[in-house]
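Below: the structure, in structure tokens.
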Amino acid sequence: MLLHIPHLAMIRILVGVLCFAIWSPVSQALSPGLQVAKQWKLIRYNFEPQAPITDPNFYNPENVLITGIAVTDDRIFVATPKLFSGVPSTVSWVSKAQFGDSPTLQAFPDWSFSNTGRSDFNCSDLVLTSVYRLRLDSCNRIWLLDAGISRSLEDYEITCPPKILVVDLATDRVVRRIDFPPEVLRGESLFTNMVIDETTAKGCDDVFVYITDTVEPGIIVYDSGKDVTWRVSHPAMYPDPDFAQSEIHEHRFVLMDGVVGLTFDERTGVVYFQPLATDRVFSVHKNVLRAGPLPDGKMLDVKLVGKKSSQGIGLSVSPFDSSLIFSPLTETAIASWNPTTNQQSVLAFDRDQLQFVADITTTKSEPGVIYAIASKFHRFFLKNLNPNEFNNRILRLELPASNSLLGHRVALPPAPTHNSLLNFGVYNTHGQTSTNALQTYFTSPALTTPFTTKSPFKFETGGIVNYAARNPFTALNQGEAFPPSKATRDNYQRSYLDTLVGTTAPAATTRVVSVPPTAYSGRHSGYYYQRATRSLGQQ
């Protein structure tokens with residue numbers, strides 16, 4: 001009998017190891033193919049010798065957070081907006097060569113473009129104030145969307161009007177500057193994201209650009225070929241107070257962001273978008289956006305794509321099958337949804353590495369691969385960042401050629417009429433009850449599905465930092481009462497946003513012709529506005 005004791009002990013050890021591998025929340029088996037390309041505890045820069053790095057208003061590493069990414073053959077470009085003071089450069093790059101390192105950021109195009117801590121500049125200069133996202137085009141150029149806002153989570157200083165700088169990556173020189181006409185701006189406009197639509201382009205500057213205004217919710221449309229700009233808006237672009245509070249692990253934070261997530265499917269011509277404070281994803285066809293400003297009394301043709309398991313920002317489209325790729329915050333995962341088959345897949349899951357995915361992008365240099373920015377934004381926002389942890393990561397993930405769910409096919413019910421994105425049974429495979437959470441929480445008996453991922457939570461107002469009295473991000477955190485929760489409302493009250501179901505694509509429209517703007521009054525958006533674009537040669 002004694003001879004069998006070691007074997008029994010070995011079996012117990014093996015069982016323990018297997019259980020740990022299966023249930024460990026950070027098990028790499030749950031995220032096959034997920035690679036850490038770069039990671040930082042705190043961001044470092046290649047400062048010039050005379051840089052005042054001891055001045056926290058110029059450089060405070062605990063206030064630097066990556067929100068945007070663009071990837072070329074040899075470089076990775078990142079955007080670090082001025083959410084707080086102490087962000088020395090808002091656009092930087094690192095070499096793509098070595099994976100897993102914590103490289104020093106190189107200011108882009110160079111340090112002369114940073115206006116942090118400077119008074120010797122004016123807004124007509126080629127300077128960058130605060131860039132949230134950057135995008136590549138097919139002409140080896142990078143478009144930098146400058147919001148012009150400093151310290152957006154502190155005192156929200158409007159430093160300069162928003163603009164776009166287009167940089168030729170062969171020379172790292174600015175070749176074009178796009179200034180937005182004041183008629184498309186609102187009091188506290190914050191331009192945070194953009195996509196470049198080259199589907200009908202006949203040249204490098206014959207494109208459409210769709211831009212999100214997050215604080216004054218709307219989408220700005222820029223016809224680059226005609227140099228004409230207009231603005232459209234819709235209730236779907238506004239934050240939903242019922243989803244003001246987000247949860248990541250034990251951390252809860254309230255952020256009433258409007259439309260910020262944005263991506264474009266070149267095959268179908270569909271633009272997907274989402275506010276942060278919502279559980280829904282919406283779409284609008286490019287022909288609708290290209291059709292020009294809305295006349296009085298006409299509503300933008302927005303469609304409800306479906307519902308997710310929790311809030312999120314990052315969006316992208318798979319080059320394989322046009323699946324929508326997104327990242328629900330609470331679930332710390334990257335997932336996909338095929339609009340044709342309604343099949344959903346969890347592409348990667350990691351409780352540590354996939355916290356707050358702010359941007360997801362594909363790259364033409366690596367077809368079938370996505371790169372994502374993941375950060376500890378929630379702890380950054382709540383001012384309890386741990387400088388000894390990795391707080392910014394660039395992740396690389398190879399997309400599967402066919403849909404799978406953690407390597408296993410999942411039988412889904414027939415596609416519901418609203419194409420729900422909420423069928424993530426993988427996160428709650430035990431404890432399913434016969435009560436449908438959607439029916440009691442999302443208020444409409446038409447919005448039923450046999451799966452749900454999380455129980456509804458009640459909003460809490462405690463623990464939120466009051467950064468500034470006039471801060472539009474935290475306007476609901478200054479003592480105003482939240483509206484009643486969905487659970488206390490009429491269970492059969494249908495939300496207006498749930499009526500935006502439809503799949504009909506509009507007919508193609510001819511390109512708009514530049515016309516002189518009519519006199520601007522109030523918030524009317526039914527006009528074209530034009531402002532000269534500056535083409536820049538050698539600087």
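Since we're looking at a predicted model, the values are computed, not measured.
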Would you confirm whether Ser316, through its side chain, and Ile325, through its main-chain N or O, come within 3.5 Å as a donor-acceptor pair? no
By side-chain hydrogen bond (donor to acceptor under 3.5 Å, both in side chains), Asn57 pairs with (sequence neighbours left out) none
Examine the side chains of Thr159 and Thr129 and answer whether a donor and an acceptor come within less than 3.5 Å of each other. no
Ile43 and Pro61: which non-hydrogen atoms are nearest, and at how many Å? O-CB, 4.0 Å
Work out which heavy atom in Ser152 is nearest to a heavy atom in Tyr132; give both atom names and the distance. OG-OH, 2.8 Å
Separation between CZ (Arg393) and NZ (Lys38), nearest 0.5 Å, reads 14.5 Å
For Arg44 and Thr104, test the side chains for any donor-to-acceptor distance below 3.5 angstrom and give the result as yes or no. yes
Taking atom CG of Asp168 and atom CG of Asn140, what is their separation to the nearest 0.5 Å? 6.5 Å
Determine, stepwise, if the pair Lys82 / Ile149 fulfils side-chain contact (heavy atoms from CB on, under 4.5 Å). CA-CA 7 Å; Lys82 291 179 184 174; Ile149 305 297; over 6 Å; no
What's the separation between atom NZ in Lys163 and atom CG in Asp146, rounded to the nearest 0.5 Å? 4.0 Å
Taking the side chain as everything from C-beta on, heavy atoms only, tell me whether Ile373 gets closer than 4.5 Å to Thr67. no
Close side-chain approach of Leu304 and Phe282, heavy atoms under 4.5 Å: yes
Hey, what do you get for CG (Asp240) to CG (Asp279), rounding to the nearest 0.5 Å? 7.0 Å
Thr212 and Thr192: side-chain donor and acceptor closer than 3.5 Å? yes
Using the six-membered ring wherever Trp is involved, compare the ring planes of Tyr59 and Tyr45 and label them parallel, tilted or perpendicular (cut-offs 30° and 60°). perpendicular
Distance only, no hydrogens: is a donor on one side chain within 3.5 Å (strictly under) of an acceptor on the other, for Thr263 and Asp265? no
Residue pairs meeting salt bridge (Lys or Arg N to Asp or Glu O under 4.0 Å), one or both in residues 114-130, sequence neighbours left out, come to Arg118-Asp120
Do Phe191 and Phe180 have ring centres separated by under 6.0 Å? yes
Candidate pair Glu188 and Glu216, rule side-chain contact (heavy atoms from CB on, under 4.5 Å), full reasoning: CA-CA 6 Å; Glu188 292 183 320; Glu216 303 277 2; 4.0 Å; yes
Rounded to the nearest 0.5 Å, what's the gap from SG on Cys123 to CG on Asn115? Could you check? 8.0 Å
Taking the side chain as every heavy atom from C-beta outward, state whether Phe108 and Arg75 have any atom pair closer than 4.5 Å. yes
Take Arg141 and Asp205 through the test salt bridge (charged side-chain N to carboxylate O under 4.0 Å, His left out) and record every step on the way to the result. CA-CA 11 Å; Arg141 306 183 307 178; Asp205 291 316; 3.1 Å; yes
In this structure, is the centre-to-centre distance between the rings of Phe380 and Phe356 below 6.0 Å? no
Can you check whether Thr199 reaches Phe264 side chain to side chain, under 4.5 Å on heavy atoms? yes
Walk me through it: do Leu500 and Lys303 pass the test side-chain contact (heavy atoms from CB on, under 4.5 Å)? CA-CA 5 Å; Leu500 303 175; Lys303 305 299 182 186; 5.5 Å; no
Arg231 and Asp213: CA distance, side-chain angles, deciding distance, side-chain contact (heavy atoms from CB on, under 4.5 Å) verdict: CA-CA 10 Å; Arg231 179 188 182 99; Asp213 187 343; 3.1 Å; yes
Is any side-chain heavy atom of Pro239 closer than 4.5 Å to one of Asp257? no
Interatomic distance, CG@Leu83 vs OG@Ser150, rounded to 0.5 Å, equals 11.0 Å
Hey, what's the ring geometry for Phe377 with Phe253, parallel, tilted or perpendicular (30° and 60° as the breaks)? perpendicular
Sequence neighbours excluded, the answer for salt bridge (Lys or Arg N to Asp or Glu O under 4.0 Å) partners of Arg396 is Glu366, Glu398
Non-hydrogen side-chain atoms of Val284 and His234 separated by less than 4.5 Å: no
Side chain to side chain, Pro109 and Arg173, heavy atoms closer than 4.5 Å: no
